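Computed from a predicted model, the values in this text were never measured in an experiment. Every number for a ligand or one of its atoms is a count from 1 in the order of the listing.
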Amino acid sequence: MSKADQYHSDPTIRIVTGVCPHDCPDTCSWQVAVDKTSGRAVDIWGHSRHPVTLGRLCGKVDRYLERTYNPARLTTPLKRIGPKGSGQFAPVSWDEAIDDIAARLQVIIREHGAEAVLPYSYAGAMGLLQGEGMASRFFNRMGTSRLARTICSEAGFEGYLYTLGAAEGLEPEDFAHARLILIWGSNTLTSNMHLWPFIQAARKRGARVIVIDPARTRTAKAADEWIPIRPGTDGALALAMMHVIIGEGLHDADYVAAHTLGFDQLAERVQAWTPERAASITGVDARRIRDLAREYATAHPVAIRINYGLQRHRGGGMAVRNITCLPALVGAWRERGGGIQLSASGFFRQMDFDGLYRPDLLGERTPRTLNMPRLGDALSLDPARLARAWYHPRPVDAIPAPAEAGPPVKALVVYNSNPAAIAPDQAAVIAGLAREDLFTVVLEHFQTDTADYADYVLPATTQLEHWDILKPYGTAYLSLNQPAIEPLGESLPNSEIFRRLAAAMGYDEPAFREDDAAILRDLVERQRHPRFEGVTWERLLAEGFVRLNLPQPILPFARGDFPTPSGKCEFYSQRMADDGYDPLPAFTPPMWMEGAEEDQKPGLSKKPGFSAPLVCISPPAHAFLNTSFGAVERLRQRAGEPHLLIHPQDAAARGVEDGDIVQVRNELGGVTLPARVSDGLIPGTVLAPSTWWAKHSPDGRNINQVTAQDETDMGAGAIFFDAVVFIDKMTG
Ligand SMILES: Nc1nc2c(c(=O)[nH]1)N[C@H]1C(S)=C(S)[C@@H](COP(=O)(O)OP(=O)(O)OC[C@H]3O[C@@H](n4cnc5c(=O)[nH]c(N)nc54)[C@H](O)[C@@H]3O)O[C@H]1N2
Ligand SMILES: Nc1nc2c(c(=O)[nH]1)N[C@H]1C(S)=C(S)[C@@H](COP(=O)(O)OP(=O)(O)OC[C@H]3O[C@@H](n4cnc5c(=O)[nH]c(N)nc54)[C@H](O)[C@@H]3O)O[C@H]1N2
Ligand code: SF4
Ligand SMILES: [Mo]
């Protein structure tokens, strides 16, 4: 008997259907049991009828009630009473907070222009309403600087789009039909666990699963094989696989002729990419590369799951582009279980958001766009650094001269994000947040590292307390979240906070008076594309989630139909040439490989020594979701403590033993962490499970001390996993 069945017969309980708001491809549908008398949520579980949730939540969101009812929840507006960053605040009323914030923003706008205000948000709440719904109306009306939300996925996304035209591919259910599955730069069991049952189903039918990752992750341990690879070198591996496939005539000549563009140029390009050449870059044995290519080309159907881990490097865009060429080359798209998935968000690409986000409120204004990973630069008072923070995603996009960079950022409004912990170049971010002349407002559930630097902290509701709609990036089911409980304390939904701020600013458009459910209903009813046929508000209310009007299996490219300019999978991309890139698959080396002498390259060093640098990656810890669960003590306990994994070879070269405290440092900053010596890593790479709140870390700083603001080759994304560090054993 499912939990829903159990509670159905209990007259004291009301069951409410909702959806997980977190930044995770699974977008689980959930149900909450609410005690009718107390109005308190008493249980939460995964929806048993959702075809991907399959009745299970992950170990983090299983604890969602502990997060919502956490004693550390913010329940009243707070005003700063101590120095910036001291975390000293006093409670104030909503009216006082809203009026004072509006007044301060008005002064800043009058003196510096609306571009001096910067919204900063990401995916704390992925819902369309509590995400950017009311916020974008507010900031569009104000005409603030815009934020390019590139911190996570842009490089891979661009590489994928140049090649295939849309972020479409396999859906999770399709993986059950594959015979060979490459999990490439993804830690499925941690970051996308609801894909795993479909992978297991494929294995029961004889499929093999290979994980390509610098670390022997949970997923790599559970797979049939782990292929360790040096970070940032996947592009070279894909080129060599294509070398073998084309060289040995293993490609699908019919599919290639009918549905791809530029095969001859590709064949010529990959000729030089022998497995031996790729081996010297990737650290993967040449023989293994050759066999992998053969297995990939001859197993049918063959599926690839890439994720964002592999593109957090300078060459991440091109790496994803190269890998994305593989399925068309072997005709994998023909069959169910064949193809690739990076993101399924393209299933929703025809969704019309103008009625929600209201870009029309900008009028004729086109404010500057600042790039998210460059927050440190954006908050600098040096015009040259501010200019560098301008969003310039392609080589053909220039940054302005310092004199043209516009006003310094004087006000920062943070919601759904925790930049003091998650943004790269933490020292630069903190220096900006610590500016006494910067007016900072933070909408939050908890007193995060970022909230410590606020002038006002405004308490927001959690997903149990507000309405929303989730557009997943890993499934084809649109989902509705209904509030299960009343807001805790004085907390308010983001939507209501921006509504009140708008009123205080004197914005009297009807867009700032619509209530939450009406906005969402309008969003659903406004959709005209055939994919939304049958996706109605009534069904969402009754069922919680509704599949897009797409066939199952979707088989997006079985007969070509790539939404690229040529209508084909573009091995040769004119659009890339026009944007300033090599139009063919190429290898873009990671930062760590550039500029270093051969014997100084991390992991390639022939002179083991104290000073040789290492590459540092910091992928998510299993028990965390970015920093969103940092306040939940039980999950912190599960994560253990902030630490650094280091290979025995690299540890020995530095005299480091298991448990020793080491300093991880580079020119940007440093952190001290206990070392754990582990052979579950490719030598030359260290790994710091992330992302810990800085204030829960040994010296009040986390691993983003050593990550840089530099951007990826495509889409101006962040390069979190492309950090060069020095590791020294702490003495004394
Ligand atoms: N439990 C949990 N789930 C999460 C998150 C979380 O914090 N915790 N975060 C969510 C978010 S925001 C995102 S974007 C997704 C991310 O989901 P994933 O992309 O799966 O996550 P990552 O762990 O960042 O990276 C996956 C793997 O890539 C490996 N990797 C790093 N560099 C390279 C490389 O150059 N090549 C290859 N082949 N592998 C590399 C890492 O070791 C890691 O095991 O997960 C989401 N789900
Ligand atoms: N070193 C390192 N750094 C990383 C990464 C990494 O792997 N390693 N991963 C990167 C990636 S992939 C991503 S996506 C980013 C994630 O960066 P963020 O999207 O900033 O993610 P979180 O750290 O989870 O912060 C979200 C915050 O939003 C708050 N929040 C949640 N719901 C609501 C709401 O309804 N209203 C309001 N007002 N607040 C809410 C949460 O309490 C939380 O503090 O981090 C990046 N940083
Ligand atoms: S974080 Fe992911 S796996 Fe966990 S409940 Fe949310 S959507 Fe599901
Ligand atoms: Mo992310």
Residue pair [X] / [Y], side-chain heavy-atom distance below 4.5 Å:
{"X": "L464", "Y": "P483", "result": "no"}
{"X": "S121", "Y": "R149", "result": "yes"}
{"X": "V664", "Y": "L644", "result": "yes"}
{"X": "F348", "Y": "L478", "result": "yes"}
{"X": "L78", "Y": "T76", "result": "yes"}

Which ligand 2 atoms does [X] reach within 4.0 Å, using its non-hydrogen atoms?
{"X": "T448", "result": "44 (O)"}
{"X": "I703", "result": "1 (N)"}
{"X": "L625", "result": "24 (O)"}
{"X": "R312", "result": "12 (S)"}

* To do: Kindly check if the number of other-residue, nucleotide or ligand heavy atoms within 6.0 Å of CZ (R638) is above 12?
  => yes
Shortest protein heavy-atom distance from [atom], along with the residue and atom involved:
{"atom": "atom 6 (Fe) of ligand 3", "value": "C20 SG, 2.3 Å"}
{"atom": "atom 40 (C) of ligand 2", "value": "N416 OD1, 3.4 Å"}
{"atom": "atom 3 (N) of ligand 2", "value": "N704 ND2, 3.2 Å"}
{"atom": "atom 21 (O) of ligand 2", "value": "N626 CB, 3.6 Å"}
{"atom": "atom 24 (O) of ligand 2", "value": "S628 OG, 2.7 Å"}
{"atom": "atom 5 (S) of ligand 3", "value": "V61 CB, 3.5 Å"}
{"atom": "atom 29 (C) of ligand 2", "value": "E444 OE2, 3.3 Å"}
{"atom": "atom 5 (C) of ligand 2", "value": "T691 OG1, 4.0 Å"}
{"atom": "atom 32 (N) of ligand 2", "value": "H445 CE1, 3.1 Å"}
{"atom": "atom 8 (Fe) of ligand 3", "value": "C28 SG, 2.3 Å"}
{"atom": "atom 8 (N) of ligand 2", "value": "S618 O, 2.8 Å"}
{"atom": "atom 2 (Fe) of ligand 3", "value": "C24 SG, 2.3 Å"}

* If you measure from each heavy atom of R67 to ligand 2, is any distance below 4.0 Å? -> yes
* For ligand 2, is there an atom lying under 4.0 Å from some heavy atom of F629? -> no
Could you tell me whether [X] and [Y] make a salt bridge, using a distance below 4.0 angstrom between a side-chain N and a carboxylate O?
{"X": "K60", "Y": "E66", "result": "no"}
{"X": "D455", "Y": "R80", "result": "yes"}
{"X": "E641", "Y": "R636", "result": "no"}
{"X": "E711", "Y": "R314", "result": "no"}

Hey, what's the ring geometry for [X] with [Y], parallel, tilted or perpendicular (30° and 60° as the breaks)?
{"X": "Y473", "Y": "Y308", "answer": "tilted"}
{"X": "F629", "Y": "H22", "answer": "tilted"}
{"X": "Y456", "Y": "F439", "answer": "perpendicular"}

* Contact partition for T27 relative to ligand 3, non-hydrogen atoms under 4.0 Å -> backbone
Considering only heavy atoms, does [X] approach ligand 2 within less than 4.0 Å through its side chain, its backbone, both, or neither?
{"X": "T461", "value": "backbone"}
{"X": "Y308", "value": "neither"}
{"X": "R149", "value": "neither"}
{"X": "H466", "value": "side chain"}

N or O pair under 3.5 Å between [X] and ligand 2:
{"X": "S417", "result": "yes"}
{"X": "D23", "result": "no"}
{"X": "A123", "result": "yes"}
{"X": "L443", "result": "yes"}
{"X": "I422", "result": "yes"}
{"X": "T627", "result": "yes"}
{"X": "N494", "result": "yes"}

* Is the centre of the F198 ring less than 6.0 Å from the centre of the F175 ring? -> no
* To do: Using modelled atom types only, decide if a donor and an acceptor are shared between the side chain of D699 and the backbone of T672 within a distance under 3.5 Å.
  => yes
* Can you tell me if an N/O/S atom from C58 lies under 2.8 Å from atom 4 (Fe) of ligand 3? -> yes
* To do: Give, for atom CH2 of W692 and atom CG of D449, the distance between the pair rounded to the nearest 0.5 Å.
  => 12.5 Å
* Pair T188-T219, side-chain donor/acceptor within less than 3.5 Å -> no
